[in-house]
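For ligands, and for the atoms within them, numbers begin at 1 and follow the listed sequence. Residue numbers start at 1 and run along the sequence shown.
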Amino acid sequence: MRRYLVAGNWKLNLGPRAGRDLAAAVGERLRGRTLHGDVVVCPPFVSIPAVSEAAQGDPVMLGAQNCADQAAGAYTGEVSAAMLKEVGVQYVIIGHSERREYYGETDDQFVRKIDLVHAQGMKAIFCFGEVLEDRKAGRAEAVVQAQLEGVLPRLESANAYNLVLAYEPVWAIGTGETATPEIAQQMHAHSRKITADLLGADTAANLRILYGGSCKPGNARELIGLPDVDGGLIGGASLKAEDFVGIVDGAETAATDR
Ligand code: 13P
């Protein structure tokens, strides 16, 4: 049985003050509840300590949105996996489409980053997904296969415990257009099958695959209730406590319905 994971990707929003307020508001709503899954927030680097303090004792774990592809040294502007570990981070998002598109990040970097995250005992959330043009041209499955094949077989020690996948169709990110349940289930099942070929059937069966792209309180239950969808990676809706917790509630309902 795979535990769901709902992770909020705050992107370039919320400094330490606003981040602390949001974490406190989320924590207050979840405090004392026994959840059937895991809840993570991924603030910008500088907000992580304030969020950590505000979430102390609440069922909210800490994540980061990126890390350096080197362990340490003369790499101006970077933040290492070890530094994230030191401030209490447990999950690190790697390979987000915005990192691919705006910062030109490559498979080689994703492999190094995920290995560094794993070496620190943290979990990586590896993102992939097709752009609209690929989907229209009927290449969505092939693109996703290439994205997974370019990274997964090269990882040093990936397993169902330290790796989470996130299917994020780029056309659904921040657009308000969510993947239909049919598309989401089909792409998740496809991704799990490729993962089975690359990392083994056991790992694929136990590994969590999140859906990301305009996930909201109103569609979370249906999406996260799909057989191969194990949670959500939430952008816009993670910036409001009510919406984010509404998505957690949807995941809870889906988990208890199973
Ligand atoms: P939205 O939820 O804003 O569509 O963003 C999804 C995303 O990119 C999460 O990483």
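Contact annotation for A172 and ligand 1: only backbone heavy atoms (N, CA, C, O) come within less than 4.0 Å of the ligand. With a 4.0 Å cut-off on non-hydrogen atoms, L233 touches ligand 1 through its backbone as well as its side chain.
The distance from ligand 1 to the heavy atoms of N9 drops below 4.0 Å at these ligand atoms: 9 (C), 10 (O). The ligand atoms of ligand 1 that sit less than 4.0 angstrom from a heavy atom of G213 are 4 (O), 6 (C). Atom numbering of ligand 1 starts at 1 in the shown order; those under 4.0 Å from a heavy atom of S214 are 1 (P), 2 (O), 4 (O).
Looking at atom 2 (O) of ligand 1, its nearest protein heavy atom turns out to be G235 N, 2.9 Å. When hydrogens are left out, the protein atom nearest atom 9 (C) of ligand 1 is E168 OE2, 2.9 Å; that is the closest non-hydrogen contact. Scanning all protein heavy atoms for the shortest distance to atom 3 (O) of ligand 1 gives G236 N, 2.8 Å.
Residue-ligand proximity: K216 is placed with every non-hydrogen atom at 4.0 Å or more from ligand 1. In this structure, A237 falls outside the shell of residues with a heavy atom less than 4.0 angstrom from ligand 1.
Considering backbone and side-chain N/O atoms, G174 comes within less than 3.5 Å of an N/O atom of ligand 1. Annotation: K11 places an N or O atom under 3.5 Å from an N or O atom of ligand 1; distance criterion only. On a distance-only criterion, T175 and ligand 1 share no N/O pair closer than 3.5 Å.
For Q70, the CD atom is densely surrounded, since the number of other residues' heavy atoms within 6.0 Å is greater than 12. Atom CG of D202 sits in a sparse spot, with 12 or fewer heavy atoms from other residues, nucleotides or ligands closer than 6.0 Å. Crowding of E149 atom CD: a count of heavy atoms from other residues, nucleotides or ligands under 6.0 Å exceeding 12.
Checking R3, R2, K123 one by one against D38, the salt bridge (Lys or Arg N to Asp or Glu O under 4.0 Å) holds for a single residue, R3. Of the residues listed (D257, T253, D249), the one engaging R221 in a side-chain hydrogen bond (donor to acceptor under 3.5 Å, both in side chains) is D257, and it is the only one. With respect to F126, the side-chain contact (heavy atoms from CB on, under 4.5 Å) criterion is satisfied by exactly one of L163, V111, I93, V164: L163. Among the candidates D115, D107, D108, the single residue satisfying the side-chain hydrogen bond (donor to acceptor under 3.5 Å, both in side chains) test with R154 is D108.
Between the CG atom of L84 and the CD atom of Q120 there is a distance of 9.0 Å, given to the nearest 0.5 Å. The distance from atom CZ of R192 to atom CG of D230, rounded to the nearest 0.5 Å, is 5.0 Å.
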